[in-house]
Amino acid sequence: GAVVSQHPSWVICKSGTSVKIECRSLDFQATTMFWYRQFPKQSLMLMATSNEGSKATYEQGVEKDKFLINHASLTLSTLTVTSAHPEDSSFYICSAREGQSGTYEQYFGPGTRLTVT
Amino acid sequence: QKEVEQDPGPLSVPEGAIVSLNCTYSNSAFQYFMWYRQYSRKGPELLMYTYSSGNKEDGRFTAQVDKSSKYISLFIRDSQPSDSATYLCAMSVRGSQGNLIFGKGTKLSVKP
């Protein structure tokens with residue numbers, strides 16, 4: 001149980017274009033989903049937290065107009081990188097948390113490697 | 001001082017060794033403690049989840065939490081080459097949305 005998928009697993013796009021990454025919880029309902037960014041040999045950096053049906057909460061320094069997050073259902077959240085630039089190239093990972101009170105485990109997706117040329 | 005400190009290693013051990021991985025933290029409000037394993041170019045995989053203090057065992061893995069010392073550990077017995085990965089500790093405050101604070105991760109290499 002507790003499987004989270006991400007699509008695509010890797011993507012190459014040209015500078016100035018937008019890219020959408022999907023995150024799905026396959027066997028549980030995720031009231032909260034998280035989006036992280038990870039640079040090589042570094043730990044995960046939380047970008048934003050989203051609750052189903054609500055606006056995402058962005059961490060300090062993360063541009064909400066550049067990284068659009070939509071959590072339209074209990075099993076799907078999307079991250080859209082708008083007007084991508086080479087510095088946006090990174091490993092993006094989502095995680096999901098079940099809605100039960102007292103449950104704090106997060107289950108991670110396999111990640112999406114974005115390369116902007 | 002960072003909220004969570006973790007030695008990045010790398011840590012290299014021979015196959016069969018007992019591995020000890022540790023994290024220290026400064027926020028006494030942390031009550032939920034997790035260990036994740038991350039293989040290269042993959043998402044983190046939840047290994048152990050502990051609430052408050054105490055020990056938890058799952059197969060070759062044992063997690064320990066000492067809240068008085070603000071210190072958590074993960075022990076791996078009979079380590080295998082397949083255990084070679086980066087191990088991340090993470091912790092959360094009760095009542096939060098479940099936001100995790102991660103350590104930097106320790107890179108472990110188990111040599112056959």
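When reading the values below, keep in mind they use all heavy atoms of this one structure, side chains included, and skip hydrogens, waters and symmetry mates. To find a chain, count down the sequence lines: A is the first, B the second, and so on, and within it residues start at 1.
Here the CD atom belonging to Glu59(A) is positioned 6.5 Å from the CG atom belonging to Asn99(B), to the nearest 0.5 angstrom. One finds the OG1 atom of Thr49(A) at 9.5 Å from the CG atom of Leu100(B) (value rounded to the nearest 0.5 Å). Rounding to the nearest 0.5 Å places CD of Gln38(B) at 8.5 Å from CZ of Phe108(A). Distance check, rounded to the nearest 0.5 Å: CZ of Arg97(A) to OG of Ser92(B) gives 7.0 Å.
In the hydrophobic clustering of ILVMFWY residues, with side-chain heavy atoms under 4.5 Å counting as a link, Ile72(B) and Phe75(B) come out apart. Under a hydrophobic clustering in which Ile, Leu, Val, Met, Phe, Trp and Tyr are joined whenever their side-chain heavy atoms come within less than 4.5 Å, directly or via other members, Ile93(A) and Phe34(A) fall into the same cluster. Linking ILVMFWY side-chain heavy atoms closer than 4.5 Å, directly or via other members, places Leu21(B) and Val13(B) in a single hydrophobic cluster. Linking Ile, Leu, Val, Met, Phe, Trp and Tyr whenever their side-chain heavy atoms come within less than 4.5 Å puts Tyr36(A) and Val4(A) in one cluster. Cluster membership check: Leu76(A) does not share its hydrophobic cluster with Leu79(A), using side-chain heavy-atom separations under 4.5 Å among Ile, Leu, Val, Met, Phe, Trp and Tyr.
Under a cut-off of 6.0 angstrom, the local environment of NZ in Lys66(A) is crowded, with over 12 non-hydrogen atoms contributed by other residues, nucleotides or ligands. The environment of NZ in Lys107(B) is sparse: at most 12 heavy-atom neighbours from other residues, nucleotides or ligands sit within 6.0 Å.
Gln106(A) and Leu46(B) make their closest contact through O-CB, 4.5 Å (heavy atoms, listed as atom of the first residue, atom of the second, distance).
For Gln6(A), no part sits under 4.5 Å from any heavy atom of chain B, backbone or side chain.
In this structure, Tyr36(B) contributes its side chain and Tyr107(A) its backbone to no donor-acceptor pair below 3.5 Å.
For the pair Arg113(A) and Arg41(B), the minimum side-chain heavy-atom distance is below 4.5 Å.
For the set Pro110(A), Cys94(A), Ser43(A), Gly111(A), the entry with the most heavy-atom pairs within less than 4.5 Å of chain B is Ser43(A).
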